[in-house]
Amino acid sequence: MKRISQISMVALLLCFLPMLSVVSEAAMDHDKLLKDPGVYATFAVFKMGEHWWQMDHEARVKAASEMKKVFEKHADKLIVDTHLLRGLSERADVLVRIHSKEMVHNQNFLLDLMGTTMGMDMKNTDTFNGITKTLNYVPSFPEELKGELKTPPPQGSPYVIVVPIRKDAEWWISGQDTRTGLMKEHTDATVAYLKTVKRKLYHSSGLDDWDFITYFETSKLDDFNNLVTGLLKVKENRHNRRFGDPLLLGTIRPLDEILDILSR
Amino acid sequence: MKRISQISMVALLLCFLPMLSVVSEAAMDHDKLLKDPGVYATFAVFKMGEHWWQMDHEARVKAASEMKKVFEKHADKLIVDTHLLRGLSERADVLVRIHSKEMVHNQNFLLDLMGTTMGMDMKNTDTFNGITKTLNYVPSFPEELKGELKTPPPQGSPYVIVVPIRKDAEWWISGQDTRTGLMKEHTDATVAYLKTVKRKLYHSSGLDDWDFITYFETSKLDDFNNLVTGLLKVKENRHNRRFGDPLLLGTIRPLDEILDILSR
Amino acid sequence: MKRISQISMVALLLCFLPMLSVVSEAAMDHDKLLKDPGVYATFAVFKMGEHWWQMDHEARVKAASEMKKVFEKHADKLIVDTHLLRGLSERADVLVRIHSKEMVHNQNFLLDLMGTTMGMDMKNTDTFNGITKTLNYVPSFPEELKGELKTPPPQGSPYVIVVPIRKDAEWWISGQDTRTGLMKEHTDATVAYLKTVKRKLYHSSGLDDWDFITYFETSKLDDFNNLVTGLLKVKENRHNRRFGDPLLLGTIRPLDEILDILSR
Amino acid sequence: MKRISQISMVALLLCFLPMLSVVSEAAMDHDKLLKDPGVYATFAVFKMGEHWWQMDHEARVKAASEMKKVFEKHADKLIVDTHLLRGLSERADVLVRIHSKEMVHNQNFLLDLMGTTMGMDMKNTDTFNGITKTLNYVPSFPEELKGELKTPPPQGSPYVIVVPIRKDAEWWISGQDTRTGLMKEHTDATVAYLKTVKRKLYHSSGLDDWDFITYFETSKLDDFNNLVTGLLKVKENRHNRRFGDPLLLGTIRPLDEILDILSR
Amino acid sequence: MKRISQISMVALLLCFLPMLSVVSEAAMDHDKLLKDPGVYATFAVFKMGEHWWQMDHEARVKAASEMKKVFEKHADKLIVDTHLLRGLSERADVLVRIHSKEMVHNQNFLLDLMGTTMGMDMKNTDTFNGITKTLNYVPSFPEELKGELKTPPPQGSPYVIVVPIRKDAEWWISGQDTRTGLMKEHTDATVAYLKTVKRKLYHSSGLDDWDFITYFETSKLDDFNNLVTGLLKVKENRHNRRFGDPLLLGTIRPLDEILDILSR
């Protein structure tokens, strides 16, 4: 019964909270933080440890409730999206995506999160750090392609895919013009999927063992499979030293639902 | 005695359930889901944790029975095949193959499965996700080869092999005609084994760190060894960046038998 | 005292049991199974878990005795050789080599083995599967080399080495004649060691993440080091994508001695 | 309340201790050790184990206090900087950077550290060893570039990044002149960031599985991302067999604050 | 106080025991075993497990004393050197180097060692096996270089470095003359360090996943860093498929001191 009322409450909240994020609207311009350049993102990935599953139901519900307060405490400094990987990715149960104006805010939030009873039982299996930047190649693209790229992305998609990428040395050394040409071909392959796949790019060189973190939302995984297959077929793919590995597939779900699933 | 009666019951069930799947015939068109394009498959691989083996027999039997109900609960939304890897693959004990019309059904089933007492003691060592699609290269093959491919596959085979595959960038960039030529050579090498090896292909690009999940059933592992050796000898093999690793070998067994073996 | 009498009993048994195998002579043609093509072999490698070492001596002796019965129970269906890796290979303590006419016999034996009290405390760190086949390249070798290959191998050697091998794509694609030429050069390099190193080859493509499992017995590890160095110097070595990694070095010891060492 | 007073004390200490190091000024020339060639550095990286998080708060505070005394005990022989990785790097919680005149001093300090109650619960996930040397390529650079390199680095930066590097064989074999040319191009790319990113280089060949440990401090992670992207674009990047993996990102914090966070 | 007296006793022993080895002089020709060809060496590397650190001080002292007796028991068959890696290598705490005339002696010693209370709490993280052989390339070197190589190595050095090496296929296939030329260039680069770095070479092909285990002792780690940098600059380096990874750095310490440190 408790679980049903929690879910209802979440459903209610969702009408007011775009992107299922835990955020105080009053305290921060949510849209701005998700669209501006110069924003720091941390993707923290966790797997519940064995000890967690040996706790009884009541203790887990209490611990989940304690963790929820950490999200509220930091809501004026950052936006946090929560995703459930459990069942679809063997590496982890939960993916927390954090946006803020300073990386140390992300760390301080995670210190509090990992310092709760529940957090102490969570194994931090992956962490990706990135920064948002203004578009690098698009300004040099033909006008027609620029127009296509203004297609509004889908909203309220249930699936999330995160693909960290590391380019090879030749990519970086080949020069801006060469890269722009390759990226135009890459971008052409994405046009057919702009309506069904929402994308966001983070730059990671020097902040992590990756060059880019690519983040996708969609309700059509068949389209997403076609999109990625299309991207594999362009010459820029020769310069992906690593593409995923780990790729993370999950569903976008509100914090309450995720905590409920992990506390059952 | 209990075990014998369980196995008998399973033997009885097998007369009515093709492919040893746990499925409510009334609720879903089983054959259609296994043959249609656009079906989502999740291969979830588990190894029992140390805690499981320290539980006493009775507690394990009870936990196995609880898990069985999860299979029944979701039977109207998905088809689940169960395979025993224990003894033949060091990575895992059990492979569960799930088919449904939406990936989130697979996740919800696995959330329930992993949320049982037994599930909490299972380590999720690998998860492969894929989607079925219409044939890509076959329509361009010569009529004679198309005819050969209509050979009915074997039924009721005891062995299962799963080989996830990742192609290199040159494969994808080389173009449809080049790939069709290479795949014809590949397919020619399989003709001699169509009668003894059943095959099924899943597309994984963007859904996992693989491009394809290949699934095989056979009663003749010597034929299967010859088939794979034949496939290694065609030029398409140059483009397998990863072929297996992990390859999974196991036996197809009904859920009841697997639960019985793990509860002994 | 108990240990001494166990070892004496084993010494006695050894007069009648070639190859230190646990087998009922009446039930199965031991030599045939070790020499025929079409025989399935499973190399199961185990490391005792932490829990085992925390059990007291008496409980471990009892558990070892329970495990021994599993070997006896399956003796009519398979031949099992036991090897002690502990001390010489960091990956594992014990290597069990199983031969039978059907892979499922190997699995059923291992299910029983891993289902004992001792088995539940064993971590299955590696499993290699293979099949024996008739000689592939030897029929095309010169008569003189064929004659050399009839040298009787050494008997009763104390050391065992297992080297799993994966060839590269070029090896398989290069054609039978090219491979025969390379294998002749390879075989020439082994002639000097036929008297001191016994060899056996298993084919693994499609049954495991390897193409071959090579198995060696010797009493002269210096000769074996020279043999391998010789094999590294022939051109066929260019096509070993993996050679060992893990290579396993151990000693051939009867089951009773191994159980005794692990129960001390 | 206890925590606040600890932090205040640290704040007070910071006025006298440049670089947040725990060091007895009287006992050792701090600046000299951080600038001289021939100084041995050990980067020891730790993750708190599960057992730690199951201890109660009071026991953890006591254990942290015991650990602090180890830092004081060795303060006359070495300089230790402490960094908090927790939240920003999945591999570890804490990075300790040690400088001394003899590697065995570093080991003896770490033996004491790891021998405390807290240390016994810390998993040593990475250790990098290096030695400082006089500049290798700079003496051959043009005067103008030499002048630029005299730009004073930033002080009191909150972020730390450690990137271990392994060069390929061609780098080392290519000769001093070739390497000097490549390093001039590399150094040109760093000039724009000398004011916001502080750098320090350690040589590791033969002391660890790396050739160099590069250490950075900055308050502007966006600048650091641009700096690394610039370095990826020069030809010397072709010779980085490994660049990071693991790269470590964290914040520079005094020991007391780190111990406080881990004891909460 | 107890610790001080143990260390004094060790210091006394050191006057009579070259190389800090635990050996009965009467039973075996120590120098001969360390210099002869055809001697088998096992490098066994251990990390203390979590259970060890949870035992109380007294129990650990008792367990260490039990382990010491194993060294004495086998002293007539082998020479054992002990090294402390803890603090300088994240992989392990202790490295034990064993020399004997038969590999099975090394195994039997390690079986006893790992069978003690302390041994059961040690995780065997790496094991390297090798054999000593007569010099391969030196006989073909110029007389002057041969003369240089007679420089007496340093004695009583505190630091130990172990670098396992695997060569590529081209190295082995290139022929004895080519390899001799490359090894002369390699050896020339070592001459300057013969006085400060002591070296010993073991052949591992077929006994482990390496071709060579190189072992070094020095009191000057700066010289050792220069030596390795010099070796990276010769063309033979192109043929090192793996050089270290893991490289092990530690200090040479008598068994009693190591046991004392681990029992504190």
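Convention: sequence-line order gives letters A, B, ...; per-chain numbering from 1. If you're wondering where the values come from, they're calculated on a predicted model, not measured in any experiment.
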Which bit of [X] is near chain E, if near means a heavy-atom gap under 4.5 Å: side chain, backbone, both or neither?
{"X": "D:F128", "result": "neither"}
{"X": "D:S174", "result": "neither"}
{"X": "D:I131", "result": "side chain"}
{"X": "D:T117", "result": "neither"}
{"X": "D:K123", "result": "neither"}
{"X": "D:D208", "result": "backbone"}
{"X": "D:E170", "result": "side chain"}
{"X": "D:D168", "result": "neither"}

Less than 3.5 Å apart, any donor N or O on the side chain of [X] or [Y] sitting next to an acceptor on the other?
{"X": "D:K77", "Y": "D:N106", "result": "no"}
{"X": "E:E66", "Y": "E:T116", "result": "no"}
{"X": "E:N240", "Y": "E:N237", "result": "yes"}
{"X": "E:Y159", "Y": "E:H83", "result": "no"}
{"X": "D:T42", "Y": "D:N129", "result": "yes"}
{"X": "E:T251", "Y": "E:R253", "result": "yes"}
{"X": "D:S205", "Y": "E:N225", "result": "no"}

Which of [options] touches chain D most, by non-hydrogen pairs under 4.5 Å:
{"options": "E:R91, E:R238, E:E90, E:H239", "answer": "E:E90"}
{"options": "E:L227, E:N226, E:L221, E:V163", "answer": "E:L221"}
{"options": "E:G244, E:G87, E:P158", "answer": "E:G87"}
{"options": "E:L262, E:I161, E:V234, E:D245", "answer": "E:D245"}

Would you mind telling me which of [options] has the largest number of heavy-atom pairs within less than 4.5 Å of chain E?
{"options": "D:T125, D:I98, D:N124", "answer": "D:N124"}
{"options": "D:F109, D:F46, D:Y40", "answer": "D:Y40"}
{"options": "D:Q107, D:K133, D:M120", "answer": "D:Q107"}
{"options": "D:L110, D:L207, D:D211", "answer": "D:L207"}

With side chains defined as the heavy atoms from C-beta onward, is the minimum distance between [X] and [Y] less than 4.5 Å?
{"X": "D:H99", "Y": "D:H105", "result": "no"}
{"X": "E:R199", "Y": "E:T190", "result": "yes"}
{"X": "E:K68", "Y": "E:D256", "result": "yes"}
{"X": "E:V94", "Y": "E:V45", "result": "no"}
{"X": "D:F43", "Y": "D:Y215", "result": "yes"}

| message | Salt bridge or not between D:D112 and E:R264? Use side-chain N to carboxylate O under 4.0 Å. | response | yes
- prompt: Using 4.0 Å as the upper bound for N to carboxylate O, is an ion pair formed by D:D93 and D:R86?
  reply: yes
Interatomic distance, CE@E:M48 vs OG@E:S263, rounded to 0.5 Å, equals 8.0 Å
Taking side chain as everything from C-beta outward and backbone as N, CA, C, O, which of these in [X] sits under 4.5 Å from a heavy atom of chain D? Side chain, backbone, both or neither.
{"X": "E:L85", "result": "backbone"}
{"X": "E:L88", "result": "both"}
{"X": "E:F216", "result": "neither"}
{"X": "E:L232", "result": "both"}

| message | Please determine whether the number of non-hydrogen atoms from other residues, nucleotides or ligands lying under 6.0 Å from atom CZ of D:R242 exceeds 12. | response | yes
Expected contact set for residues 178-185 of chain E against chain D at heavy-atom separation under 4.5 Å reads none
